[in-house]
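What follows is a short report on a single structure.
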Protein chains: 2
Amino acid sequence: MPPADPMPSPPAAPQPLRRTALHEQVATRLRDMIVHGALRPGERVSEATLCEQLDISRTPLREALKTLAAEGLVELRPNRGAVITPLRQPETLELFETIAGMERIAAEHAAERLSLAELRKLEKLHDRMEACHNAGDLKPYFACNQEIHRLIVAGAHNKVLQSTHGFLHTRMSRARYFALFVPQRWSESVAEHRRIMDALRARDGARAGAELGAHVWRTGQIIAQAVDGLDSVAS
Amino acid sequence: MPPADPMPSPPAAPQPLRRTALHEQVATRLRDMIVHGALRPGERVSEATLCEQLDISRTPLREALKTLAAEGLVELRPNRGAVITPLRQPETLELFETIAGMERIAAEHAAERLSLAELRKLEKLHDRMEACHNAGDLKPYFACNQEIHRLIVAGAHNKVLQSTHGFLHTRMSRARYFALFVPQRWSESVAEHRRIMDALRARDGARAGAELGAHVWRTGQIIAQAVDGLDSVAS
DNA sequence: CATGAAAAAATTGTATGCAAAATTAAAAAT
DNA sequence: ATTTTTAATTTTGCATACAATTTTTTCATG
């Protein structure tokens, strides 16, 4: 029995009294470490080191790694240990292209399916995002931006699409984390978001989809460019 | 050390001398059992029983279950054992809607990116598929049909899209396995495939995408209907 | 000094053990 | 007869052990 949980306690679950399995907590922790660079692209995963850091036995760690491998965050190599998935430009482009496609589909559906409450929430977030842009507050801007994307995908009211998007989103977050912030893209992005909101407001699915897809794809191209040649562990 | 591998030997890997980890073999085996109904929707996964059947220890089985859970084929319930993901109509609809969207995106890209060799291969497969339909040979018809879908997705030349599609495809295959074959849908389907091929031949991405997406969505609606009320283990 | 072979050390994959949690069965209370 | 409580059994999650594989280090040779 391991000592007190070395990881942040999970929030109270909607299903009361169900504690989160350790292997899931480990997976969550590792996801964060991968996205935010504590585990670098291409880095060899040392079970022994990680177990020591996290004060757990190898079993939940190994199980967590299987989960993360299925999500594409880790690459398993039989008998040679796992590595953190390298950040490769071609794959980053493909990732953003795929996500752009999915967000486009989501936006098309969302335009028809968003409830009034959801649409109002989006409007509020969008206004807040514009305010952050005007005030030059990047961090809250980015948080609003991400939340808008998430709400649009959720607005499609398709859980399979949402969860599939969620997997890819983790990988996208990592790429964004490693890419440099590009200031000129900021104003473009805000303008594009305006057009997306216009289309959603008008319940114009085709336009919403096209605008959102293009927006994500443009962002992706810039991120992929920034990722190219980044310092990652040789793979 | 377990005795001789109770599962079919994996094909020689493109990377020579790398043997497939047991947990991956187990995952492959379980996937097949889930898709083809040996493990039924909603069924409780008994580690002890499966380990006995497969003649393995619990560790690789547990690791394989994590992989399959990430793929949506199994639902983990802490301390209460895993269950095979139930086959629910709403979720089946969402699944097909998502796949339709992804195949639409793929077809749009494929229309532009398919090499001549790939297009020729598709034409051949399509001709063979029509022949099977005319001869009333369902099984080879279906094999051609699936291969055409796979090739179109591959023709987008985007590996992230392809592998994401692959995950969902497993779940779709399961739903199809459980659904009844619907004869009137057969001729419709062939006609739709003709239109898809026309669009691809014309390098018309928008049309190819629309036709393929609509085709998958129509199929999905019928499958979801068939899945409704199916005999699955109470969840 | 470079290369190859052998030995030692480290790591990985899987099997097994054990305590905790859940489920089932039996006994007691109503 | 039904419900509740208690006891027994089974299952699960995780820790640990062990053999196989890989990597690193050491030694021998040209």
Side-chain angles (χ1 to χ4, degrees), chain A residues 1-7 9-10 13 15-30 39 42-70 74-84 233-235, chain B residues 1-7 9-10 13 15-30 39 42-70 74-84 233-235:
Chain A
M1 188 63 189
D5 197 338
M7 286 166 274
S9 302
Q15 300 139 315
L17 307 182
R18 287 284 170 221
R19 84 166 235 261
T20 309
L22 187 54
H23 72 85
E24 286 182 11
Q25 294 176 46
V26 175
T28 298
R29 181 67 174 279
L30 292 183
L39 290 170
E43 181 177 344
R44 169 84 175 277
V45 176
S46 162
E47 292 181 6
T49 304
L50 277 179
C51 286
E52 201 179 326
Q53 281 182 25
L54 303 182
D55 198 25
I56 54 170
S57 77
R58 288 173 59 223
T59 307
L61 177 76
R62 292 183 58 81
E63 294 185 359
L65 287 173
K66 302 303 182 286
T67 298
L68 297 179
V74 164
E75 293 177 353
L76 303 177
R77 307 174 310 169
N79 277 310
R80 304 211 310 132
V83 295
I84 305 302
V233 179
S235 47
Chain B
M1 190 63 191
D5 198 335
M7 286 168 273
S9 304
Q15 297 139 318
L17 307 183
R18 286 283 169 226
R19 87 167 233 261
T20 309
L22 187 54
H23 72 83
E24 284 181 13
Q25 295 176 43
V26 176
T28 299
R29 181 67 174 278
L30 292 184
L39 290 170
E43 180 177 346
R44 170 86 173 278
V45 175
S46 161
E47 292 181 7
T49 304
L50 276 179
C51 285
E52 201 178 328
Q53 281 182 26
L54 303 182
D55 197 26
I56 54 170
S57 79
R58 288 173 59 220
T59 307
L61 177 76
R62 292 181 61 81
E63 293 185 2
L65 286 173
K66 305 301 182 287
T67 299
L68 297 179
V74 163
E75 292 178 353
L76 302 177
R77 308 175 309 168
N79 277 309
R80 301 202 323 126
V83 296
I84 306 301
V233 179
S235 49

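Keep in mind that the numbers below use all heavy atoms, side chains included, and drop hydrogens, waters and symmetry copies. Note that this is a predicted model, so its numbers are computed, not measured.
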In whole Å, I'd like the distance from the CZ atom of R62(B) to the P atom of dG13(C). 17 Å
So L76(B) and K66(B), do their side chains get closer than 4.5 Å, heavy atoms only? yes
For residues L50(B) and V45(B), determine if any side-chain heavy atom of one lies less than 4.5 Å from a side-chain heavy atom of the other. yes
Against the side chain of N79(B), the closest entry in dC14(D), dA21(C), dT14(C) is dA21(C)
Return the value, rounded to whole Å, for the distance between atom CG of L61(B) and atom P of dG13(C). 17 Å
Would you indicate which nucleotide in dA22(C), dT12(D), dT14(C) comes nearest to any side-chain atom of R80(B)? dA22(C)
Looking at the side chain of S57(A), which of dC14(D), dT22(D), dT12(D) is the nearest nucleotide? dC14(D)
Distance, rounded to the nearest Å, where L76(B) contributes CG and dA22(C) contributes C1': 17 Å
Just to verify, what does E47(B) make a salt bridge (Lys or Arg N to Asp or Glu O under 4.0 Å) with, not counting sequence neighbours? R58(B), R62(B)
Looking only at dT14(C), dT12(D), dC14(D), the nucleotide nearest the E47(B) side chain is dT12(D)
Quick check: on DNA chain D, is the nucleotide nearest R77(B) upstream (toward 5') of the one nearest R77(A), or the reverse? Name the residue that is more 5'. R77(B)
Is the shortest side-chain heavy-atom distance between L61(B) and I56(B) below 4.5 Å? yes
Closest to the A21(A) side chain: dA22(C), dC14(D), dT16(C)? dC14(D)
CD of E24(A) versus P of dC14(D): gap in Å, rounded? 9 Å
Using the closest heavy atom to pick a nucleotide of DNA chain C for each, name whichever of E63(B) or R58(B) lands nearer the 5' end. E63(B)
L22(A) CG to dA21(C) C1', straight-line distance once rounded to whole Å: 15 Å
Picking from dG13(D), dT11(D), dC14(D), the nucleotide nearest the side-chain atoms of R44(B) would be dT11(D)
